[in-house]
Peer 1: 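Please find one structure pasted underneath; my questions will follow.
So you know, we letter chains A, B, ... as the sequences are listed, proteins then strands, and number each from 1. Computed from heavy atoms alone, side chains included, the values below leave out hydrogens, waters and symmetry copies.
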Amino acid sequence: MDYKEIDRKWQKAWQDAKIFESDVSGKEPYFVTVAFPYVNAPLHIGHVRTYGTADVLARYKRMKGYSVLFPMGFHATGTPILAFAKRLRNNDKELVSELKLFHIPDQEITKMTDPVYIANYFVNEIEFGMHKAGLSIDWRRKFVSTDPFFSKFIEWQFGILNSKGYIIRGKHPVGWCPNENQAVGMHDTKHDTEPDIEKETSIKFKVDGEDAYLICTTYRPETVFGVTNLFVNQDSVYIKCKINGNGIYYISKSASAELKYQINIEQVGEEFRGSEILSKRCLNPLTGAQLPVFNGFFVKEDMGTGVVMSVPAHAPFDYAAIDKLKKEGKALDINPILVLEIPKKPKPGSEGVVISQEDLDVPALRYIEMFKSGAAEDVALESATKLQYKEESHYGKMIVDGYKGMSEPEARDKITKELVSGGKAIELYILANAPVVCRCGYNVVVKVVDDQWFLNYGNPEWKNLAKEAFTGLTVLPEKSRKALSAAIDWIDLRAVARAQGLGTRFPLDKEKIIESLSDSTIYMSFYTVSNVLKEIETKRLTPDLFDYIFLHKGDLGSVSSSTGIDFQVIKRCRESFDYWYRATSRHSGADLIFNHLTMYIFNHAAIFPKENWPKQIVVNGNVLSEGEKMSKSIGNIVPLVDGVEKYGTDVIRALVIASADLFSDSEFSEVAAKGVDERFRYLYDIASKIGEMESGELRHIDYWMYSKLNRKIKTATAQIEKLELRGLSTSVLYDSVLELRKYLSRGEPNGLVVRDYISSIVLMMSPITPHVSEEIWHAIGNDTFASTEKWPSVDESMISDKIEGEEDLLEGIIADSKQVVALMRKGGKEPKSIRLIVADDWKRQLNNGLSKDRNVGAVMDRLNSDEGLTALGIDQSSKDKAIKYVQQLAKRINAIRSVSSTQDDEYKLLNEAKAYLSDSIKYPVTVELESKSASQRAANAAPLRPSIDISS
RNA sequence: GCAGGGGUGGCAGAGUCUGGCCAAAUGCGACGGGCUUAGGACCCGUUUCCUUUGUGGAUGCAAGAGUUCAAAUCUCUUCCCCUGCACCA
C-alpha cells in the first residue's frame with residue numbers, strides 16, 4: 001500500500017468535491033470546534049490527538065446524516081511570538097535548532113524577527129499540516145485572532161462583560177524582570193521556568209531599647225512561640241529602612257533591592273555589616289521574650305529579608321547553627337522551645353509508636369539524625385527540614401497555651417491572622433523557586449502591580465450562571481466532569497490586561513492588551529459568521545451588529561441602516577449563528593480544563609442566551625512518543641509532515657487518536673505503527689479478493705460472521721458516540737482481523753458475507769482512518785465516498801448468542817483435545833482417534849435448575865423421590881449417575897450456566913463440524929450421544945462440554 | 001498542601017460503573033516447534049505454581065480489613081505513582 005499516494009489522492013478528491021464545506025440547510029446541524037493552534041511552531045504528531053479526535057466526531061456525525069461544520073482558526077495573540085521574534089533577533093541557538101527540527105529553511109528563519117511574519121508563516125504551515133492530517137475542515141471560515149475584524153468582536157464581548165460588572169481592578173503579584181521592566185511568564189525565562197510566587201508572613205521583632213524592628217520571613221509563623229533567637233549573616237550588608245512610610249526595619253541590602261518591587265522601601269542612613277546587629281536584643285512579639293541575635297551560617301542575604309527567626313526545636317538548620325555556636329562557646333544558654341509535637345509516629349503497619357519524652361526534647365535533632373550519615377551537611381539538613389515540615393504539618397499538634405491540640409495548618413492560619421491584624425507582621429510574596437532567570441540574564445523578582453484589571457470569576461452571580469451552564473453540559477470522558485466542576489468552583493480573579501503582547505486593546509485602558517486566553521473564550525461562535533464578516537469593512541462591525549446577530553437584540557432595519565450593511569447579509573449571519581450554535585461540541589487537551597474550558601463556560605454563560613450555551617465538552621490526553629513525553633529537549637518530537645511521509649496519515653491517526661482511551665495518553669511507536677500497517681494490508685488484501693469468492697448458501701460459520709458483525713456495529717456505535725475510540729479501534733481494526741482469519745480458516749469463504757463484513761468494517765473505521773477506508777471502499781467496487789456514506793446500522797436479528805456460543809464450544813473442544821493429545825504423547829502413548837460424547841438432556845435439566853436457585857439440597861431431594869425423577873425426565877436406572885453428576889456440579893455451583901441447546905442440537909453441531917475438528921486436532925473425530933456411548937468416559941460429559949475420549 | 005486521575009501477568013493495556021461464563025481480552029516481548037539455504041514474514045504451541053489419560057487444583061489483580069454463597073470488580077483504612085495549581089499559551 002502506497003500511503004503517500006492514497007493520502008494525496010483522497011485528500012484531493014474530498015477537496016474537489018467540497019464535501020466538508022457546510023452551510024445552513026434543512027438537515028440537523030452539528031458544530032465541532034477545537035482549541036485553535038498557537039502559531040509559533042508547525043504541527044507535530046501530538047497535535048493530531050486533539051484535532052483528530054474532533055475530526056473523528058465530525059466525520060462520524062456526517063455519516064449519521066448531520067450537517068457538520070468543523071472550522072479552524074489560528075491563535076496569535078499574547079506574548080509568545082513577540083518573545084520568539086526577540087529570541088531570533090538575539091540569535092538564540094536553542095530556538096534555531098528547534099526550528100531546524102521542523103525543517104524550516106534558513107532563509108525563512110532569518111525573516112522570523114518580525115512577529116507578523118512568524119504568524120503568517122505558521123498559519124500557512126499549520127494549515128498545510130492539517131490538510132495532510134486529513135482533517136475534514138471547512139477552510140472558508142478561517143481567521144487569525146489578531147485580525148482586526150475579530151478584534152471588533154472581542155471589544156463587543158468585553159463591553160458586555162464590563163456592563164455586567166464582571167471586570168474589576170486591584171493589586172496583583174507578578175514575576176518581574178527589573179532589567180527589562182516588564183512582567184515575565186514562563187516563556188520569558190531561561191529553561192522556561194514559571195516564576196512560582198508564594199505568600200509568606202514576615203514577623204516583626206522589636207529591637208530592645210530602639211525604635212526599630214528586625215523582620216523575618218517565614219513559612220511557619222506558628223513556630224514564633226519557639227523562637228529562641230534571630231539569625232543574620234554577619235558578612236552580608238544590611239540597611240535600616242522605612243517600609244511603606246512607617247517604622248524602621250533592619251533588612252539585608254539585597255533583600256531590599258528585591259522587596260522594593262512589592263513594598264515601599266526607603267533607606268535610612270548608611271549601610272553596614274550584619275556583624276553590627278549581633279549585639280542587639282529583640283522581643284518576641286507574642287511572648288515578649290528577649291532574644292539575642294547570632295550569626296547564622298546558612299542565612300542567605302537575598303532570601304526573604306536576610307533576617308531569620310530561629311526555632312531550633314522545629315527547624316534543623318536552626319538547630320545546627322545553634323549547635324555550631326555552642327561548640328564555639330557561644331549561645332550556651334539557648335535551649336530549644338517546643339511548639340508542637342507529634343503524638344504518635346505515623347508508621348503504617350506498626351501501630352504507631354509513641355515518641356519517648358527524651359525524643360520529644362528536640363524534634364529537629366531527631367530528623368537531623370535520620371539524614372546525617374553520608375550526605376553533605378546542607379543536603380542532610382535540607383532533607384531533614386523537608387521531612388520535619390511535612391510530618392509536623394501532617395500530624396503535629398500544638399502544645400502552646402491557647403492553641404493546644406490544634407493541627408499545625410489550623411494554628412498557622414489563626415496565628416497569621418492575629419499577627420497581621422495586630423500589626424505584628426506583614427505579608428510579603430517570595431519567589432519560591434528562586435533564582436528564576438529572565439532570558440536577558442537578570443534574576444526575576446516579585447512585583448506587586450496595583451492597577452491590574454481582573455475578570456472576576458469569583459463573582460457569585462456569574463459563578464452561578466456558569467454552574468447552571470455546566471449542569472446541562474455533556475462532558476466526555478465522563479470522569480473528567482469532576483475536574484471541570486472543581487475548576488469552576490476554584491477559579492477566581494483572572495488578570496485580563498497585559499502591558500505587552502499582540503491582540504485587542506483593553507477597552508477600559510487602551511494602553512493595555514487583552515490577555516490572550518481571555519480573548520479566546522467565545523471565538524467559536526465567530527466561525528458561524530466569519531466567512532461573511534471578513535468581506536465587510538471593519539468599521540461597520542459595531543456592537544449593535546453583534547447584539548443583533550448573537551443576542552437577538554435590536555431591529556434589523558435600524559442595524560442595517562446604522563452599519564450600512566445590507567439587511568440580507570445581517571439576516572444571513574443571524575440565521576447561521578442560530579443554526580450552528582444549537583448543537584456544539586468543544587474539544588481540547590486535558591491541560592486546558594483549568595483555564596480555557598472553564599473560561600469558555602463562564603463567558604458563554606455571561607454573554608449568550610441559554611439556548612446557545614455549550615452542549616458538549618470533550619477533553620483528551622496527550623501523545624507519548626516511544627514511551628516518553630514528546631519534548632523539545634529530549635528531541636523526540638515527530639513533526640507531522642515527517643510522520644505522515646514515513647508511516648502514512650492513517651497509521652498515525654489510528655495510533656495517536658485511537659490507541660488509548662480519551663483520558664489517557666496515547667502512544668506512538670515504530671512497533672505499533674507496524675502493527676497497524678499490517679492490519680490495513682490484511683483488510684485491503686481480503687477486500688481485493690472478494691471478486692473471486694463464490695456466494696453459496698449460508699453455513700453456520702457464515703451466520704456466526706453476521707452475528708459478530710452486527711454485535712460489532714452495535715458496540716462500535718455506542719463507543720463512538722462516547723468517543724471511546726480505543727475500544728472502537730480494537731474491535732473494528734484489530735478484532736475484525738482475528739474474526740476474518742477464523743472465518744477464512746473454516747473453508748471456502750462466502751463472497752457476499754465477506755463483502756458485507758468488510759464494507760461495514762471499512763465504514764466504521766472511516767472516521768479514524770479515512771484515507772485507507774476510502775481506498776478499500778473503492779477496492780470493493782464502490783464509487784461513492786466512504787466519508788459520506790451512511791454509518792452502518794445494526795440488524796439485531798442477526799445477533800445470536802447461540803451461534804456464537806456454539807462456535808466457542810468448537811474452539812474449546814479443539815483446545816482441550818489438543819491438550820489431552822499432548823499429555824498422552826508426553827506419557828508415551830500415540831493417540832489414534834477421538835470420540836466426542838454429548839451429554840444427555842437430563843443433565844441440561846439439572847444445570848438449568850441449579851443455575852436458577854443454586855439449591856443443591858432441593859435438587860437432591862427430588863432425585864431421591866420417584867416423582868422428582870420423572871419430573872426431571874430421568875430414568876430410574878440413571879438415578880445413581882444423576883446423583884453423582886449433581887455432586888460434581890455442586891463443587892462449582894457458582895459457575896453453572898443455563899443451557900438452551902438440546903443434546904440433539906449439540907450432536908448436530910459437532911457432527912457438522914467434524915471435518916473441521918478432525919482437521920484442527922489432526923486426528924479423526926467421531927461424535928456420539930452419552931446414552932448410546934460405550935465409552936467409560938461417557939459419564940463425564942456435561943452440557944456444552946462433551947466428554948473427550950481419545951483412544952490410543 | 002489543595003484538586004483531579006491512577007496502581008491488573010515480562011511490558012503495554014482491557015476488565016471495575018452493572019460482583020459469578022476471569023488464571024484475566026488484545027498487542028508486544030520471550031521460549032519451543034513448523035516453514036526456509038539463511039534472515040524476515042507467516043503458521044502452531046508455551047509463557048504464576050502444582051498436577052495430569054484427561055478438560056483438574058492452589059495461589060492471584062498495590063497492602064490490609066470488611067460485605068457476600070461468590071470480589072480484580074462493592075465498602076473502609078493505608079501506601080505508592082501521575083497531572084494541574086493561574087495571569088501562562
Peer 1: Nearest of B/rC87, B/rC85, B/rA89 to any side-chain atom of A/W490?
Peer 2: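 Given the options B/rC87, B/rC85, B/rA89, the side chain of A/W490 is closest to B/rC85.
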Peer 1: Using a 4.0 Å heavy-atom cut-off, does A/R679 contact any base of the nucleic acid, only the sugar-phosphate backbone, or nothing at all?
Peer 2: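 Sugar-phosphate contact only - A/R679 comes under 4.0 Å of backbone atoms but never of a base.
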Peer 1: Please round to the nearest 0.5 Å and tell me the distance separating atom CG of A/L740 and atom CD1 of A/I761.
Peer 2: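 One finds 7.5 Å between CG of A/L740 and CD1 of A/I761.
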Peer 1: In whole angstroms, how far is the P atom of B/rC85 from the NE2 atom of A/H596?
Peer 2: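 Answer to the nearest Å: 16 Å.
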Peer 1: Distance check, C1' atoms only: B/rA72 and B/rU8, in whole angstrom units.
Peer 2: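 Between the two C1' atoms, the distance is 7 Å.
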Peer 1: How long is the line joining OH of A/Y600 and P of B/rA89, in whole Å?
Peer 2: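 Nearest whole value for this atom pair: 21 Å.
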Peer 1: Between A/H47 and A/H44, what is the ring plane arrangement, given parallel below 30°, perpendicular above 60°, and tilted in between?
Peer 2: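 It falls in the tilted class, 30° to 60°.
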Peer 1: Of all residues at least two apart in sequence or in a different chain, which pass the side-chain hydrogen bond (donor to acceptor under 3.5 Å, both in side chains) check with A/D735?
Peer 2: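 Applying side-chain hydrogen bond (donor to acceptor under 3.5 Å, both in side chains) to A/D735 gives none.
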Peer 1: State whether the side chain of A/S659 and the backbone N or O of A/E667 hold a donor-acceptor pair below 3.5 Å, judged by distance alone.
Peer 2: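 Such a contact is found between A/S659 side chain and A/E667 backbone.
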Peer 1: Using the C1' atoms only, state how far B/rA63 lies from B/rU47, rounded to an integer number of Å.
Peer 2: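 Result for the C1' pair: 27 Å, nearest Å.
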Peer 1: For B/rG40, which nucleotide is its Watson-Crick or G-U wobble mate, given both distances must be under 3.5 Å?
Peer 2: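 B/rG40 is unpaired by these criteria.
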Peer 1: Between the protein and nucleotides 16-18 of chain B, list the N/O to N/O atom pairs that are separated by less than 3.5 angstrom.
Peer 2:
none

Peer 1: For B/rC81 versus B/rG27, give the span between their C1' atoms, rounded off to a whole number of Å.
Peer 2: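 Per the computed distance, 24 Å lies between those C1' atoms.
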Peer 1: NA contact type, A/S947, heavy-atom cut-off 4.0 Å: base, sugar-phosphate, or nothing?
Peer 2: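 Here A/S947 touches the bases of the nucleic acid.
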Peer 1: From B/rG56, B/rA86, B/rA89, pick the nucleotide closest to the side chain of A/I491?
Peer 2: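 Output: B/rA86.
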Peer 1: With distance as the sole test, does A/T521 use its side chain to make a donor-acceptor pair with the main-chain N or O of A/L517 at under 3.5 Å?
Peer 2: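 Checked: no pair found.
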Peer 1: Taking pairing as Watson-Crick or G-U wobble with both contacts under 3.5 Å, can you name the mate of B/rG84, or confirm there isn't one?
Peer 2: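 Matched B/rG84 with B/rC2 under the 3.5 Å cut-off.
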Peer 1: Donor-acceptor check, side chain of A/S729 to backbone of A/A658, threshold 3.5 angstrom: yes or no?
Peer 2: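 The answer is yes, because a donor-acceptor pair under 3.5 Å joins these two groups.
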Peer 1: Has the side chain of A/S918 got a donor or acceptor atom that lies under 3.5 Å from a matching backbone atom of A/V925?
Peer 2: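 Looks like yes, one N/O pair under 3.5 Å.
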Peer 1: Between A/R49 and A/D665, is there a side-chain N and carboxylate O pair less than 4.0 Å apart?
Peer 2: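 Answer for the salt bridge query: no.
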Peer 1: Rounding to an integer number of angstrom, what distance separates B/rG54 and B/rG66 when you compare their C1' atoms?
Peer 2: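 To the nearest whole Å, 40 Å.
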Peer 1: Base, sugar-phosphate or nothing for A/L738? Non-hydrogen atoms, less than 4.0 Å.
Peer 2: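 Sugar-phosphate, backbone atoms only, no base.
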Peer 1: Could you tell me the separation between the NZ atom of A/K708 and the P atom of B/rA25, rounded to a whole number of Å?
Peer 2: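 Nearest whole value for this atom pair: 15 Å.
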Peer 1: So which protein nitrogen or oxygen atoms get under 3.5 Å of nucleotides 2-6 of chain B's nitrogens or oxygens?
Peer 2:
{"residue": "B/rG6", "atom": "OP1", "partner": "A/K479", "partner atom": "NZ", "Å": "3.1"}

Peer 1: Would you classify A/P37 as touching base, sugar-phosphate or nothing, given that sugar-phosphate means primed atoms plus P, OP1 and OP2, and contacts are heavy atoms under 4.0 Å?
Peer 2: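 Since no nucleic acid heavy atom lies under 4.0 Å of A/P37, the category is nothing.
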Peer 1: Is it the case that the side chain of A/T79 and the backbone of A/G501 share a donor-acceptor pair, with hydrogens and angles ignored and the cut-off at 3.5 Å?
Peer 2: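 Between the backbone of A/G501 and the side chain of A/T79 there is no qualifying donor-acceptor contact (under 3.5 Å).
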Peer 1: Between N or O atoms, less than 3.5 Å apart, protein on one side and nucleotides 39-45 of chain B on the other: list the pairs.
Peer 2:
none

Peer 1: Let me know the distance between CZ of A/F668 and C1' of B/rC28, rounded to the nearest Å.
Peer 2: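 Nearest whole value for this atom pair: 15 Å.
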Peer 1: What is the separation between atom CD on A/E670 and atom P on B/rG29, rounded to the nearest whole Å?
Peer 2: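 Going from CD in A/E670 over to P in B/rG29 covers 13 Å.
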Peer 1: With heavy atoms under 4.0 Å as the rule, sort A/D949 into base, sugar-phosphate or nothing.
Peer 2: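 Base, at least one base atom sits under 4.0 Å.
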Peer 1: Rounding to the closest angstrom, what is the interatomic distance between B/rC87 and B/rG13 at atom C1'?
Peer 2: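 These two C1' atoms come out 39 Å apart once rounded.
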Peer 1: Who does B/rG29 pair with, Watson-Crick or G-U, both distances under 3.5 Å?
Peer 2: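 B/rU47 - that is the nucleotide pairing with B/rG29, both distances being under 3.5 Å.
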Peer 1: Without decimals, in angstroms, what is the distance between A/Y734 OH and B/rC28 C1'?
Peer 2: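 Checked: the OH to C1' distance equals 11 Å.
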Peer 1: When you get a sec, tell me which of B/rA89, B/rA25, B/rA86 is the closest nucleotide to the side chain of A/T730?
Peer 2: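 Within the option list, the nearest is B/rA25.
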Peer 1: Remember a base hit wins even if backbone is also touched, and classify A/H172 as base, sugar-phosphate or nothing at under 4.0 Å, heavy atoms.
Peer 2: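 Result for A/H172 = base.
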Peer 1: Round to the nearest Å and state the distance from A/Q452 atom CD to B/rA86 atom C1'.
Peer 2: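 Distance, rounded to whole Å: 12 Å.
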Peer 1: Can you tell me, in whole Å, how much space there is between the P of B/rC21 and that of B/rC74?
Peer 2: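 Per the computed distance, 15 Å lies between those P atoms.
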Peer 1: Got a sec, which residues hit side-chain hydrogen bond (donor to acceptor under 3.5 Å, both in side chains) with A/H596, two or more places apart in sequence or on another chain?
Peer 2: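 By the side-chain hydrogen bond (donor to acceptor under 3.5 Å, both in side chains) rule, A/H596 matches A/R586.
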Peer 1: Taking only the C1' atom of each, what is the distance from B/rG29 to B/rG10 in whole angstrom?
Peer 2: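 One C1' to the other, the span is 7 Å.
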Peer 1: Counting only Watson-Crick or G-U wobble pairs whose two distances fall under 3.5 Å, which nucleotide matches B/rU67?
Peer 2: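 Its partner is none (no Watson-Crick or G-U wobble pair with both distances under 3.5 Å).
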Peer 1: Strictly by Watson-Crick or wobble contacts shorter than 3.5 Å, is anything paired with B/rG19, and which nucleotide is it?
Peer 2: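 Pairing partner, where one exists within any strand: none, as none qualifies.
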Peer 1: Is A/K722 reaching over with its side chain to a backbone N or O of A/P477, donor-acceptor style, under 3.5 angstrom?
Peer 2: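 Here the side-chain-to-backbone pair does not exist.
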Peer 1: Provide a list of protein-nucleic acid N or O atom pairs under 3.5 angstrom, restricted to nucleotides 7-15 of chain B.
Peer 2:
{"residue": "B/rG13", "atom": "O2'", "partner": "A/R726", "partner atom": "NH2", "Å": "3.0"}
{"residue": "B/rA14", "atom": "OP1", "partner": "A/D661", "partner atom": "OD2", "Å": "3.0"}

Peer 1: Do you know the tightest heavy-atom contact between A/I813 and A/I948?
Peer 2: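 Closest heavy-atom pair between A/I813 and A/I948: O-CD1, 4.2 Å.
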Peer 1: Determine the interplanar angle of the A/W490 and A/F594 rings, folded into 0 to 90°, and report it as parallel if under 30°, tilted if 30 to 60°, perpendicular if over 60°.
Peer 2: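 Ring orientation of A/W490 relative to A/F594: perpendicular.
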Peer 1: For A/K742, is there any backbone N or O sitting under 3.5 Å from a side-chain donor or acceptor partner on A/R746?
Peer 2: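 No.
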Peer 1: By nearest heavy atom, map A/G675 and A/L493 onto RNA chain B; which one lands nearer the 5' end?
Peer 2: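 It is A/G675 whose nearest nucleotide is closer to the 5' end.
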Peer 1: Closer than 3.5 angstrom, by distance alone: can the side chain of A/K712 be matched with the main-chain N or O of A/S731 as a donor-acceptor pair?
Peer 2: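 Yes: the side chain of A/K712 pairs with the backbone of A/S731.
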Peer 1: Working note: A/N595 + A/L592, criterion side chain to side chain contact (heavy atoms under 4.5 Å, CB included); need CA distance, chi angles, decisive distance, verdict.
Peer 2: CA-CA 5 Å; A/N595 43 53; A/L592 297 187; 3.5 Å; yes
Peer 1: Would you compute the distance between atom CG of A/L508 and atom CD1 of A/I167 and round it to the nearest 0.5 angstrom?
Peer 2: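 That separation rounds to 5.0 Å.
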Peer 1: Could you measure between the two C1' atoms, the one in B/rG64 and the one in B/rG7, and give it in whole Å?
Peer 2: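 One C1' to the other, the span is 16 Å.
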Peer 1: Expressed as a whole number of angstroms, how long is the span from A/E811:CD to B/rC21:C1'?
Peer 2: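 That distance rounds to 16 Å.
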